[in-house]
Undergrad: 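Please read through the structure below; I'll follow up with questions.
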Amino acid sequence: MYQAIPYSSTRPWARPSPAAEPAVAVKAETAEAAASREDAAGVERAVSESPVVVVGRRACCLTHVVKRLLQGLGVNPAVHEVADEAALAGVVPDGGEAAALPAVFVGGKLLGGLDRLMAVHISGELVPILKKAGALWL
């Protein structure tokens, strides 16, 4: 059985020195920036190599829904998992629409998110788009 740590209101809490905090924060920002650049490069590479790419957050249920919809149509999309939307900055053109995750790229171009994918699928335009991109042969 575990024992509880006794609480004492007279015991002062140890606080780190103010000089040590900025150095740690700078290292964390540098690591996040490096991870974001790696994600962006990975997304660009995946979009250029595969006819259909789904970019989503790690363990996101919406990414799973997009993947299952495309697999139901006979497409095997490449799924690229990223930490946040910053990875899409280099792939989406500046004048283009804002990309939200999960983002679907077909033929190297941004199709949109789950809502856009569902709208195109319901209207019957998704299969011709996939055929044109080379993801479907039938």
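When reading the values below, keep in mind they use all heavy atoms of this one structure, side chains included, and skip hydrogens, waters and symmetry mates. Heads up: numbering here begins at 1 and tracks the sequence.
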Undergrad: Mind listing the closest non-hydrogen atom pair of Val55 and Phe105 along with its distance?
TA: CG2-CE1, 3.8 Å

Undergrad: Kindly determine whether Val104 and Leu110 satisfy side chain to side chain contact (heavy atoms under 4.5 Å, CB included), including the steps that lead there.
TA: CA-CA 6 Å; Val104 181; Leu110 177 67; over 6 Å; no

Undergrad: Once rounded to the nearest 0.5 Å, what's the spacing between atom CG of Leu136 and atom CG of Leu126?
TA: 8.0 Å

Undergrad: Which residues pass the side-chain contact (heavy atoms from CB on, under 4.5 Å) test with Pro77, sequence neighbours left out?
TA: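 side-chain contact (heavy atoms from CB on, under 4.5 Å) list for Pro77, sorted by chain: Val52, Val54, Lys67, Leu70, Gln71, Val75.
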
Undergrad: Can Val47 and Lys109 be said to form a side chain to side chain contact (heavy atoms under 4.5 Å, CB included), step by step?
TA: CA-CA 8 Å; Val47 168; Lys109 297 179 183 176; over 6 Å; no

Undergrad: What are the two closest non-hydrogen atoms of Val66 and Pro102, and how far apart are they?
TA: CG2-CG, 3.9 Å

Undergrad: Between His121 and Leu73, is the side chain to side chain contact (heavy atoms under 4.5 Å, CB included) condition met? List the steps.
TA: CA-CA 10 Å; His121 174 60; Leu73 293 173; 3.8 Å; yes

Undergrad: Using only atom types and a distance under 3.5 Å, with no angle test, would you say the side chain of Ser50 pairs donor to acceptor with the backbone of Ala46?
TA: no

Undergrad: For Gly124 and Pro128, which heavy atoms make the closest approach, and how far apart are they?
TA: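 It is O-CD, 3.5 Å.
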
Undergrad: Report the distance from atom NE2 of His80 to atom CD of Glu49, rounding to the nearest 0.5 Å.
TA: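 These two atoms lie 10.5 Å from each other.
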
Undergrad: For residues 52-65, pull every pair meeting side chain to side chain donor-acceptor pair (under 3.5 Å), keeping only residues two or more places apart or in separate chains.
TA: Arg57-Glu85

Undergrad: Nearest 0.5 Å, please: how far is CG in Leu114 from CG in Leu62?
TA: 5.5 Å

